[in-house]
Amino acid sequence: MIIEHPLLGPRDAAEFTYLGDAAMIDRPDWQSGDAIREFHDYLYLRDNPAGEHRELWFHEQGDRSWLVVTRNTTTHEITKVELARDTALASGRHR
Amino acid sequence: MSNARRIAGGLIDRDQRLSFSFNGEAMSGYAGDTLASALIANDRRLVARSFKYHRPRGIFTAGSEEPNALVQLRRGSRQEPNTRATVTELFEGLEATSQNHLGSLEHDLLAVNDLLAPFLSAGFYYKTFMWPAAFWEKFYEPIIRASAGLGRLSGEADPDHYDKGFLHCDVLIIGAGPAGLSAAVAAAEAGARVILADEDFLPGGRANAETCEVDGRPAAQWAAESAARLAALSNVRLMTRTSVYGAFDHGIYGALERKTDHLEESDGRPRQVLWRIYAKRAILCAGATERPIAFSNNDRPGIMLAGAVRAYANRWATVPGSRIAVFTNNDDGWRSATDLAALGVEISAVVDTRDITPPASVAGAAIAMGSRVTDTGGRKGLKFIRLADGRRIPADCLAVSGGWNPNVHLTCHQRGRPAWRDDIAAFVPGDELPPGMIVAGAANGTLTLGATLSDGWRAGNAALASLGISPRDIPRPVADDEPAAISAFWHVRDGRARAWLDLQNDVTVKDIRLAHQEGYRAVEHLKRYTTLGMATDQGKTANVGALAIMAECTGKSIPETGTTIFRPPYTPVPIAAFAGRSRGRDFRPTRLTPSHKWSEEQGAVFVEAGQWLRAQWFPRHGETHWRESVDREVNQTRGSVGICDVTTLGKIDIQGRDAADFINNIYCNNFASLAIGKVRYGLMLREDGIAMDDGTTARLAENHFVMTTTTANAVSVFRHMEFCRQCLWPDMDVHLISATEQWAQFAVAGPNSRALLQEIVDPDCDISNEGFPYMACGEITVCGGTSARLFRISFSGELAYEIAVPARYGDALVRALMSAGERFGVTAYGTEALGVMRIEKGHAAGNEINGQTTARNLGLGRMVSKQKDCIGNVLSERSQLDREDGLALMGFRPVDRAESLTAGAHFIAARRNPATENDEGWMSSVAYSPVLGHSIGLGFIARGRDREGEVVRAVDPVRNNDVDVEIISPHFIDPEGKRLRA
């Protein structure tokens with residue numbers, strides 16, 4: 001596969017390591033009243049869609065960017081690639 | 001040395017005679033021959049035995065689809081089994097042998113299997129090798145193993161080397177036959193970057209095997225001129241001997257180029273190169289493969305595909321028989337008859353299943369329209385054929401044509417499904433092609449020459465248009481279309497003997513019917529049950545015929561029956577090519593520490609730690625056992641001073657305004673309060689609350705930290721921290737750099753460590769106990785101005801430091817330290833002594849932080865801060881991870897001090913049975929402590945901290961060890977930590 005890196009252009013997938021669902025960005029609040037259950041769901045309950053999937057790839061053999069790659073799991077078609085940091089900032093994540 | 005079956009003409013170089021041998025018999029051929037064409041020219045008909053029944057077999061095809069003629073090439077360590085003679089280029093001195101027989105090829109003792117055929121039907125081993133169970137291992141398995149496989153591996157290392165490479169192009173054209181050459185000219189002349197790959201050593205494909213004309217010239221001449229024209233263009237890479245074996249995602253194609261397979265010696269060049277080709281567009285011009293018709297005894301040597309017989313005559317100037325019969329269901333089969341007759345070969349009969357006016361006249365041949373071949377004779381080679389009307393016609397070669405199957409394989413590598421076309425009675429590429437792929441020529445179902453050339457031209461221009469490149473207005477190649485009518489015919493029903501479909505796997509029509517009868521009707525089941533379409537040819541000549549039989553049995557159409565899924569590789573790719581240079585020591589990189597050269601000079605014994613080579617111990621003169629060296633290194637270090645290279649620990653440089661907060665969120669313990677010039681031990685959890693890694697982090701400045709990780713987790717911790725930085729806390733101002741290889745770092749441990757360091761640390765740097773106390777860190781200079789970092793940390797439990805210098809000074813530093821230490825009796829110590837001392841001190845390492853244990857298990861539960869957010873702290877509070885009665889890391893010593901402990905032993909309460917239900921934990925690390933004079937161990941045991949003093953059994957059934965051990969504190973040495981602070 002070839003991943004269109006937002007900063008570096010087309011890069012071979014072999015340069016990346018894969019983490020999984022981009023929902024890993026949405027880490028719950030540690031002070032929430034139901035934190036254990038929320039963290040449990042965050043860590044263990046993932047969707048496994050046949051079709052479009054947003055997932056995290058790490059450009060380990062490259063510039064070390066974490067990317068959110070929107071990939072069709074049945075065709076491997078990649079429709080969108082974003083810097084995970086941009087995605088996280090856009091969703092309002094902060095320390 | 002005769003070429004008895006050689007005729008005039010052909011594309012061989014008669015000035016270059018080549019000698020070779022087959023089964024030890026000396027033969028000769030010419031440059032341009034394949035092993036198959038040379039064997040035919042030497043009148044060698046029997047070349048192999050079939051896989052299951054050991055039936056005599058001859059050459060069947062003239063290409064990579066060959067099911068029969070698998071031979072073993074070369075000898076010694078270069079011995080290569082299962083090579084197709086039809087694609088093996090002849091070279092001087094080639095040695096080939098037949099395979100899969102017991103005794104000689106001519107008198108194969110395993111031919112008895114053919115008589116046992118009634119018992120060896122499809123799925124026989126599922127039925128036969130079932131009972132009694134006691135026979136499975138001792139009796140059945142050895143038999144199956146002995147008869148499995150075809151050729152034999154040499155068992156020696158391959159002395160050749162293999163490479164990998166990467167190529168990029170606008171248009172990849174797969175196949176340099178008429179369509180491919182036409183497409184390539186169109187694309188290349190317009191300026192596109194073109195790669196034209198063909199599996200053959202001679203570009204041209206079928207153009208080299210036919211007597212047709214292109215642009216008024218013989219097709220082969222046109223092909224040679226076109227190839228030369230393309231090769232002269234700087235934007236074209238013409239790759240012969242290159243099989244494109246797979247179409248992968250996003251326009252990536254796998255290709256195997258055989259660089260020196262066709263040479264006697266590779267002369268240091270790679271044998272083969274595995275290419276990864278990145279193509280914006282690909283044009284598949286893979287041609288078509290002829291298929292046979294099934295009839296009784298259709299597997300005898302001399303029975304061949306009609307197009308192959310014609311190819312041998314036209315291209316290789318050899319005729320596989322002196323009286324040739326043709327059996328066909330289409331016009332193309334007739335061309336074999338007319339071409340051969342024109343060359344003066346006797347054609348004894350043309351048998352056509354169609355009841356039509358003969359499409360051509362063949363002088364001297366019996367013409368049987370609307371007829372069939374019902375049987376054949378000749379034990380080790382064809383002698384006659386029998387027709388439906390009972391006539392027996394002499395023939396030593398039967399050219400069979402059942403039509404042509406477009407080579408759709410690569411169109412299906414991304415789960416595309418082929419579509420059926422009734423007019424050519426074959427599958428053609430379906431609608432869903434791999435993105436960027438265009439199909440042209442015979443692969444596209446365009447089976448006649450004129451149409452193929454224009455289809456290739458169209459495809460070349462279509463690729464240009466989609467890339468936004470303007471085509472050049474040049475004339476396209478033109479040729480006539482030959483007659484190609486066909487009427488589907490798969491199987492001659494009137495015949496009593498077995499009729500083969502898959503020659504390579506000995507699958508017959510009867511086997512397909514049996515599979516149907518027993519319920520294996522889905523094509524994927526059919527394949528596994530009968531082994532149809534497996535092994536080196538993947539059923540290229542067999543599959544469609546077998547599908548037709550299954551369709552007949554089920555009453556469905558062939559497209560309804562469907563095909564099995566086509567997967568890469570299209571043709572076999574040696575494992576060696578996939579391995580490339582990654583074998584033996586080059587399997588992965590080897591990383592050497594800065595003190596490696598020095599350690600080698602000291603005679604160190606090295607151990608692999610991930611990619612690193614680390615000194616394990618340093619034997620001194622007279623030491624005969626590793627324990628002697630290790631005990632001495634420990635005693636010298638604890639008694640005076642020792643030095644160990646700890647460069648391999650991961651080092652992460654962390655800077656930024658939010659660096660302190662960031663580290664505070666990564667480690668479970670508090671780091672926000674760490675003072676500048678101080679180091680702290682940190683424990684990292686995974687988000688699930690399990691311990692992930694540990695290390696120390698030093699604060700060099702307000703916004704500058706240096707973290708160490710364990711050697712093993714350096715990469716994964718860095719990745720994790722980048723994840724946290726970019727994905728979880730993107731607003732933090734913090735930056736990470738891996739500095740593992742930038743700094744050479746040495747532990748200097750032992751009561752004399754400060755005194756030793758004072759010898760090399762520049763005098764203006766105060767490293768006294770007051771000026772540089774336990775857990776201090778700072779930037780210093782050594783040896784007269786070389787900048788260094790000093791950390792007062794201890795893994796051994798002694799007064800100790802770690803000193804780091806830029807990596808290029810590492811070698812000089814170890815030499816300076818060792819020479820300054822001479823008067824203290826300094827020792828270098830390796831990973832073994834390091835391990836002994838950390839076990840004596842009760843420090844957890846990889847055996848303890850093993851992905852199963854929590855901070856609480858490790859005795860570090862109180863470190864997990866509840867006052868801040870950090871990775872893993874929420875889930876570490878889950879009730880089962882936080883049990884009062886959970887496992888605790890404890891120390892263990894044998895009650896009988898003379899006994900040794902083993903890691904991996906399980907703890908069982910005294911007087912209990914060593915059984916799973918009584919299991920209370922396990923021993924994780926053991927060592928012989930030279931200081932204490934007996935074995936010691938660390939391990940996890942339930943409720944450990946309440947059980948100090950209790951004696952339990954450490955049972956190790958694997959190594960047959962059962963020792964009574966006493967549970968004690970894990971801190972065997974200096975539990976108060978006085979030495980560290982001295």
Side-chain angles (χ1 to χ4, degrees), chain A residues 1-4 10-14 16-32 34-44 56-61 63-68 71-72 74-78 82-95, chain B residues 164 166 168 248-252 276 278-280 414-416 432 434-436 658 661-662 664-665 686-690 715-716 718-738 865-882:
Chain A
M1 292 200 299
I2 294 171
I3 295 175
E4 191 74 30
R11 309 299 313 174
D12 194 292
F16 294 79
T17 43
Y18 176 81
L19 180 67
D21 195 340
M24 288 298 287
I25 291 173
D26 309 321
R27 186 169 179 267
D29 179 0
W30 69 289
Q31 287 176 308
S32 150
D34 205 6
I36 287 193
R37 194 192 56 79
E38 286 174 21
F39 269 85
H40 170 274
D41 293 356
Y42 161 73
L43 195 60
Y44 297 112
L56 284 162
W57 291 73
F58 181 48
H59 199 201
E60 188 146 60
Q61 308 296 323
D63 75 339
R64 298 181 274 121
S65 288
W66 278 94
L67 304 180
V68 175
R71 180 181 66 107
N72 187 312
T74 61
T75 64
H76 292 183
E77 188 191 5
I78 292 175
E82 306 147 90
L83 290 175
R85 184 166 181 274
D86 290 347
T87 307
L89 283 170
S91 68
R93 277 214 67 80
H94 58 88
R95 68 186 82 174
Chain B
K164 288 188 187 176
F166 300 81
H168 298 259
F248 301 95
D249 293 306
H250 304 167
I252 299 174
R276 184 187 278 232
Y278 298 79
K280 289 182 188 157
Q414 283 159 46
R415 306 216 47 135
E432 283 192 29
D658 297 317
D661 286 347
F662 178 75
N664 205 37
N665 286 358
R686 308 191 310 214
E687 194 68 273
D688 64 0
I690 299 288
V715 171
S716 56
F718 188 71
R719 183 189 304 154
H720 167 69
M721 284 169 59
E722 281 288 7
F723 169 76
C724 295
R725 184 180 78 87
Q726 295 174 43
C727 300
L728 302 185
W729 308 304
D731 57 329
M732 280 193 176
D733 177 40
V734 57
H735 297 274
L736 312 174
I737 289 178
S738 169
S865 169
K866 308 292 177 195
Q867 310 304 318
K868 62 160 187 174
D869 185 15
C870 74
I871 300 292
N873 67 345
V874 170
L875 291 183
S876 72
E877 289 174 28
R878 283 183 288 177
S879 55
Q880 290 300 311
L881 292 187
D882 205 27

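Chain letters run A, B, ... following the sequence lines, proteins first and then strands; every chain starts at 1.
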Quick check on A:Gln31 against chain B: is it the side chain, the backbone, both or neither that has a heavy atom closer than 4.5 Å? neither
Donor-acceptor contact present, side-chain B:His250 to main-chain A:Ile3, <3.5 Å: no
Donor-acceptor pair, side chain of A:Arg64 and main chain of B:Leu736, under 3.5 angstrom: yes
Can any side-chain N or O of B:Gln726 pair as donor or acceptor with the backbone N or O of A:Ala84 at less than 3.5 Å? no
Could you tell me whether A:Arg71 and B:Asp249 make a salt bridge, using a distance below 4.0 angstrom between a side-chain N and a carboxylate O? no
What heavy-atom pair brings A:Phe39 and B:Glu687 nearest, and what distance separates the two atoms? CE2-OE1, 3.5 Å
Does A:Arg27 reach the main-chain N or O of B:Leu728 with its side chain, forming a donor-acceptor pair under 3.5 Å? no
B:Cys724 portion near chain A, given a 4.5 angstrom heavy-atom threshold: neither
Contacting region of A:Ile36 [heavy-atom separation from chain B under 4.5 Å]: both
Proximal component of A:Ile78, with respect to chain B [non-hydrogen, under 4.5 Å]: both
Just by distance, do the side chain of A:Arg93 and the backbone of B:Trp729 share a donor-acceptor pair under 3.5 Å? no
Donor-acceptor contact below 3.5 Å, side chain B:Asp731 vs main chain A:Arg95: yes
Go through the atoms of A:Thr17 and report whether side chain, backbone, both or neither lie under 4.5 Å from a heavy atom of chain B. side chain
